[in-house]
There are 2 protein chains.
Amino acid sequence: MTSPRGSRPGTARPSMADVARLAGVSSQTVSRVSNGQANVDEATRARVLDAMQTLGYRPNGAARALKSGRFHTIGVIMTTLQTLGNIRTLDAVATEAVHADNAVLLMPIPDPTLRSVSGAYQRLSAQAVDGAVIILEARFLDRAEFALPPGIPVVVIDSGAGPGYTVVDTDQALGARQATAHLLSLGHRRVWHVAGPETSFSAAHRSESWEGTLRAAGIEPPPLLRGDWTAESGYRHGLALGRRDDVTAIFAANDEMALGAMRALHELGRAVPGDVSIVGFDDMDGAASFWPPLTTVRQDFATVGRLSIRKLLDRVADPASPPDTTVVPTDLVIRASTAPPRP
Amino acid sequence: MTSPRGSRPGTARPSMADVARLAGVSSQTVSRVSNGQANVDEATRARVLDAMQTLGYRPNGAARALKSGRFHTIGVIMTTLQTLGNIRTLDAVATEAVHADNAVLLMPIPDPTLRSVSGAYQRLSAQAVDGAVIILEARFLDRAEFALPPGIPVVVIDSGAGPGYTVVDTDQALGARQATAHLLSLGHRRVWHVAGPETSFSAAHRSESWEGTLRAAGIEPPPLLRGDWTAESGYRHGLALGRRDDVTAIFAANDEMALGAMRALHELGRAVPGDVSIVGFDDMDGAASFWPPLTTVRQDFATVGRLSIRKLLDRVADPASPPDTTVVPTDLVIRASTAPPRP
DNA sequence: CACCAAGATGTTTACGCAAACATGGAACCG
DNA sequence: CGGTTCCATGTTTGCGTAAACATCTTGGTG
């Protein structure tokens, strides 16, 4: 294996001038070659490329950015990488950004307080980014004190951020409707709901849609059960629900809570889906291997990521473009955790 | 909510010169204030800060980097965010980097080929980073064609990268030993192993250590079962193992494969842990809520992240510092999926 | 009171790159 | 064959910042 040496002593990073000297041309010609412009003689180009190779020349991003005002980098502000949705979204955004020849600058914020979000903005605007994607439970965006730094285009993912922002989001309401309607169509009379935390807009969208779907079917929704996305909270509610024999269908706002609920039902000796049907949300890795395999709602993170980057780059190119909101549809994935109620 | 306006038309981003003009000082004084240097009169400093506030001045990172040669940014090269370990490690690295006042530039590589890794390097060295953390199954680092770009300090995580690199990694061997020894100490005679893919160094370390532990106990290891980290592959092997009644203990190289194996055993009507005990690796979210809750090996990603950043920044400050390797110990988390074999 | 030290502030310069403009030579035209 | 075009290449300049150096002010000292 080649040895991972650093640069040789005294060998500072070569600049265009160094390359130019070696190739016997002006630095401007090196610049042209470096940027792939057309008006360069083939022989000259070859000589310059050769010199670059020899010296190990790499363009200096800082200088380039200073000159052009563009960094080809976008910032991503997000809470810590704890929830599946955030991770998948980040993955999609990063992949898409790289595809569009942009780098991704990660700005994790330690806790979801207004202060730390603002802090992230400070760092962001001091940093070298052309725009930013905010992956965030958006409660905080609705506060008056919260002002975006001027001059930085932003796209918000996963939120109920008011008008004035460009928003891309999964159609949470559709997903919850699919889940609830699926259980109703199997013949269940009531569908219980283990919701996500109050601070989350996604959770709010899902529970509102669950409630609306039931009401539209002429069914009075049972009391909402508040969880916090963790399997543990699903387990807690699962224990309570499993002890009642009038509970036959549960819609959990994410797969982990569904997992916890199923564990509780197992412990109580209740059959899934025989006694109780369960639907989750996210289609996390492994959901197909839960016991039983979980019926769940799949989000199209890839599309969310692609749209976000595309819209962001549009806004970078034309900051005056009007904000808009886009929702991406979900899919219901039917597996073995749902069945008609016992007659 | 405040309207998310962009900058006013014609209002380019203010520079130090603008601030200086408004405050009636030289731009150098603004620089001093901006960098918190001491030799500035209190009144002057206040006036400058005031002007900064008024104009909404933010230092230009590109110019600063061009001048200082430091970007306060580190690159992270990794395969897509699909595996839990990668995600957790990234989270830890990012958190730690921000803590050290560095930004994190994400460089995902689309597929684990030598070509795309090299491509990432190209982009990296063209980008504005002081150093890089490589989170990677390290097979590729051992290829002769693979040369690091000179002058960029690198720390490698999760690998068997040869000498010459600075490496930080979880003590995979320890974890596998803990898992295997736990099953042996419960009285199991043979421990079967569902391994990760051949291309993974982590997988190799885990299976080698599993084998070594058995041999040290005077037990001939059963044939190794090759998986690919997915629950599906665990399920496949679980079906095969569950059909033999001489199988009482399984060590899966990650939690998802353990999950799949358990599902297979459930389907076959074999009790876990009554008939078969299972140990996983990773302690993923929800592992405590599997049915049954999974005994597993927990990695200390936070420490890995912290050490990586610290070592990397050390190398940035002093590129001549000698490479070394550090391993971080694991913990065995004992839950309900393991028990003594039936007598 | 001349002189000096120390601190505050200003001026110059260079970082590496690329746009804008300048130059020089070859090909083409009537 | 004089003039016009076009293309390859060179020269100048400035992006925003901060180090290095220069200058000015203030107060204290012999």
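The chains referred to below are lettered A, B, ... by the order of the sequence lines, with proteins before strands, and numbering in each begins at 1. In this text the structure is predicted, and so the values were computed from the model without any measurement.
B:R21 pairs by the side-chain contact (heavy atoms from CB on, under 4.5 Å) definition with B:A17, B:D18, not counting sequence neighbours. Residues passing the side-chain hydrogen bond (donor to acceptor under 3.5 Å, both in side chains) test with A:T54: none are found, sequence neighbours excluded. Remark: B:D41 pairs with B:A43, B:T44 by the side-chain contact (heavy atoms from CB on, under 4.5 Å) rule, at least two apart or across chains. Residues meeting the side-chain contact (heavy atoms from CB on, under 4.5 Å) test with B:S321, sequence neighbours left out: B:R315, B:D318. Residues forming a side-chain hydrogen bond (donor to acceptor under 3.5 Å, both in side chains) with A:S34 (at least two apart in sequence, or on another chain): A:R64. Under the rule for a side-chain contact (heavy atoms from CB on, under 4.5 Å), the partners of B:S31 that lie at least two apart in sequence or sit in another chain are B:M16, B:Q28, B:N35. Scanning for side-chain hydrogen bond (donor to acceptor under 3.5 Å, both in side chains) contacts around A:S27 gives an empty result, with sequence neighbours left out. For B:S68, the side-chain hydrogen bond (donor to acceptor under 3.5 Å, both in side chains) test picks out no residue, with sequence neighbours left out. With sequence neighbours left out, the salt bridge (charged side-chain N to carboxylate O under 4.0 Å, His left out) criterion links A:R47 to no other residue.
Boundaries of the chain A contact region on DNA chain D are D:dA8 to D:dG16, first to last in 5' to 3' order (nucleotide atom under 4.0 Å from a heavy atom).
In this entry the distance linking CE of A:M16 with C1' of C:dA18 reads 7 Å, nearest Å. For A:H72 and C:dC17, the NE2 to P distance is 15 Å, given to the nearest whole Å. The distance between atom CZ of A:R70 and atom C1' of C:dC17, rounded to the nearest whole Å, is 17 Å.
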* When you check every protein heavy atom under 4.0 Å of nucleotides 7-14 of chain C, what one-letter string (B, S, -) results, 5' to 3'? -> -SBBB--B

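Remark on the helix from C:dC1-D:dG30 to C:dG30-D:dC1: inter-end axis angle 50°, axes from five-pair C1' superpositions, rounded to 10°.
Counting non-hydrogen atoms under 4.0 angstrom, A:S31 reaches a base of the nucleic acid.
Counting only distance, with no hydrogens or angles, the side chain of A:D130 and the backbone of A:F71 share a donor-acceptor pair below 3.5 Å.
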